[in-house]
Asker: 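So that we are looking at the same thing, I have put the structure below in structure tokens.
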Amino acid sequence: MTAASALHDLAVDIACEAGQLAHRRRTEGVRIAATKSALADIVTEADREVEDLIRARVAAERPDDGFLGEESDAAGGTSGITWVVDPIDGTVNYAYGIPSYAVSIAAVSGEPQTASWTALAAVVFNPASGELFHATKDAGAWLGGERLAVNSEPSPAGALLATGFGYDPATHAPALERLGRVMPLARDIRRIGAASLDLAFVAAGRLDGYFERGLNAWDHAAGALIVEEAGGRVGGSPGGRPGKRMTIAAGGALFDALVEHLGDDARD
Ligand code: IPD
Ligand code: CA
């Protein structure tokens with residue numbers, strides 16, 4: 001059984017190298033390689049190159065582990081550990097030159113399904129700001145060397161909430177309707193454009209809460225552990241795990257209020 005701390009240290013090392021590559025490619029100019037699920041859903045050459053780097057490093061250092069990344073085929077392993085990777089989360093920000101994107105890496109144990117895995121180590125690294133959010137199961141969440149804690153006391157002014165919108169235009173009207181339902185809880189709304197950073201910001205107390213429908217496993221795997229290790233709650237359906245149908249993250253009572261206001265969207 002690998003110690004979670006060893007997975008953490010390797011994840012940090014790989015995320016730093018991968019982030020430096022993404023940042024260097026950004027300064028050289030970004031080329032869109034293809035569109036994916038919708039015209040707005042793009043992949044750049046850098047997304048693929050950065051995922052290749054991460055995959056090669058994992059394969060070299062932990063050849064028995066599985067791999068689940070956004071830009072390449074999933075591969076099972078024999079060790080019981082899977083690396084869940086978004087090489088560039090916030091690709092549209094990246095393409096537009098907005099410095100809010102991140103390399104997101106989690107090492108999880110168990111079946112590589114969000115409903116059942118246990119995240120052991122997580123890193124969300126934004127190379128444009130130099131901020132490295134990281135966590136190890138049962139050992140806390142950190143921004144660099146500073147320990148993170150979610151906001152647990154609601155402000156009388158309401159919660160600073162973040163959300164996101166899917167690439168499929170058909171999802172936009174329901175997403176706006178959902179946003180309308182949570183507005184009574186909010187002092188204001190942010191749309192940062194990278195789910196991993198939304199989650200890391202909840203952990204850091206820069207946001208009070210976050211919710212989004214339609215996320216993939218690599219969007220939330222690392223950020224969810226960082227929130228939980230900062231004392232927050234992450235879920236999907238009431239009592240359930242975060243997933244495609246809904247991901248909600250917040251401290252304490254705000255989490256329950258978001259579940260209640262999201263109603264059927266938070267139910268399986
Ligand atoms: C996207 C970002 C965005 C979220 C989308 C994700 P990508 O990931 O996290 O904030 O709203 O649902 O797909 O495509 O930039 O890796
Ligand atoms: Ca991505």
Side-chain angles (χ1 to χ4, degrees), residues 14-15 18-19 21-23 25-26 30-55 67-74 83-106 114 122-128 133 161-172 174-176 178-179 182 189-203 206-207 209-224 226-227 234 236 242-249 265:
I14 295 176
L21 175 62
H23 193 50
R25 291 291 181 256
R26 173 61 243 177
V30 170
R31 272 196 296 273
I32 311 295
T35 58
K36 300 194 286 184
S37 61
L39 278 178
D41 185 5
I42 54 172
V43 55
T44 72
E45 290 175 354
D47 290 82
R48 291 175 174 169
E49 191 184 2
V50 173
E51 180 150 324
D52 288 348
L53 180 154
I54 297 169
R55 195 166 185 146
F67 192 88
L68 176 62
E70 178 167 18
E71 312 299 350
S72 58
D73 292 338
W83 294 74
V84 186
V85 169
D86 193 341
I88 300 179
D89 183 37
T91 296
V92 174
N93 285 345
Y94 185 78
Y96 274 75
I98 297 172
S100 296
Y101 62 90
V103 176
S104 176
I105 301 179
T114 55
V123 182
V124 172
F125 177 47
N126 177 354
F133 299 88
L161 296 177
T163 190
F165 300 90
Y167 292 121
D168 178 357
T171 64
H172 294 166
L176 290 169
R178 193 174 305 124
L179 184 57
V182 303
I189 297 290
R190 297 289 180 269
R191 198 299 187 240
I192 289 166
S196 60
L197 289 175
D198 290 313
L199 290 161
F201 284 12
V202 171
R206 295 177 181 177
L207 293 168
Y210 162 71
F211 66 95
E212 183 163 349
R213 185 177 171 98
L215 292 186
N216 289 300
W218 44 79
D219 296 317
H220 61 74
I226 295 171
V227 171
V234 185
K244 218 171 177 73
R245 182 163 185 130
M246 183 55 65
T247 297
I248 301 171
D265 284 333

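Order of listing sets the numbers, starting from 1, for every ligand and every atom in it.
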Asker: Suppose I only count heavy atoms of E212 and a 4.0 Å limit; which atoms of ligand 1 are within that range?
Answerer: 4 (C), 5 (C), 11 (O), 12 (O)

Asker: Atom CG of residue position L176 - does it have more than 12 heavy atoms of other residues, nucleotides or ligands inside 6.0 Å?
Answerer: yes

Asker: Please classify the E71 to ligand 1 contact at 4.0 Å (heavy-atom distances, strictly less than): side chain, backbone, both or neither.
Answerer: neither

Asker: Verify whether one side chain among E212 and T247 offers a donor that lies under 3.5 Å from an acceptor in the other.
Answerer: no

Asker: Regarding I88, does it place an N, O or S atom less than 3.0 Å from the Ca ion (ligand 2)?
Answerer: yes

Asker: For A195, take its heavy atoms, then give the atoms of ligand 1 lying under 4.0 Å from any of them.
Answerer: 2 (C), 9 (O), 10 (O)

Asker: Can you sort out which atoms of ligand 1 are near G90, meaning under 4.0 Å from one of its heavy atoms?
Answerer: 7 (P), 15 (O), 16 (O)

Asker: Report the name of the N/O/S atom of D86 located nearest to the Ca ion (ligand 2).
Answerer: OD1

Asker: For atom 7 (P) of ligand 1, what's the nearest protein heavy atom and its distance?
Answerer: Y167 OH, 3.5 Å

Asker: Is it the side chain, the backbone, both or neither of T91 that has a heavy atom closer than 4.0 Å to ligand 1?
Answerer: both

Asker: Judged by non-hydrogen atoms, does I88 sit under 4.0 Å from ligand 1?
Answerer: yes

Asker: So which of the N, O or S atoms of E70 lies nearest the Ca ion (ligand 2)?
Answerer: OE1

Asker: Applying a strict 4.0 Å limit to heavy atoms, is G193 in contact with ligand 1?
Answerer: yes

Asker: Starting from atom 9 (O) of ligand 1, find the nearest protein heavy-atom neighbour and note its residue, name and distance.
Answerer: D89 OD1, 2.6 Å

Asker: Side chain or backbone of F165 under 4.0 Å from ligand 1, or both, or neither, by non-hydrogen atoms?
Answerer: backbone

Asker: K244 and side chain to side chain donor-acceptor pair (under 3.5 Å): which partner among N216, T114, D219?
Answerer: N216

Asker: List every atom of ligand 1 that sits less than 4.0 Å from any heavy atom of L215, numbering the atoms from 1 in the order shown and giving each element.
Answerer: 12 (O)

Asker: Counting each atom of ligand 1 from 1 as listed, which ones have a heavy atom of D86 under 4.0 Å away?
Answerer: 16 (O)

Asker: Side chain to side chain donor-acceptor pair (under 3.5 Å): which pairs involve residues 93-104, sequence neighbours left out?
Answerer: H23-Y101

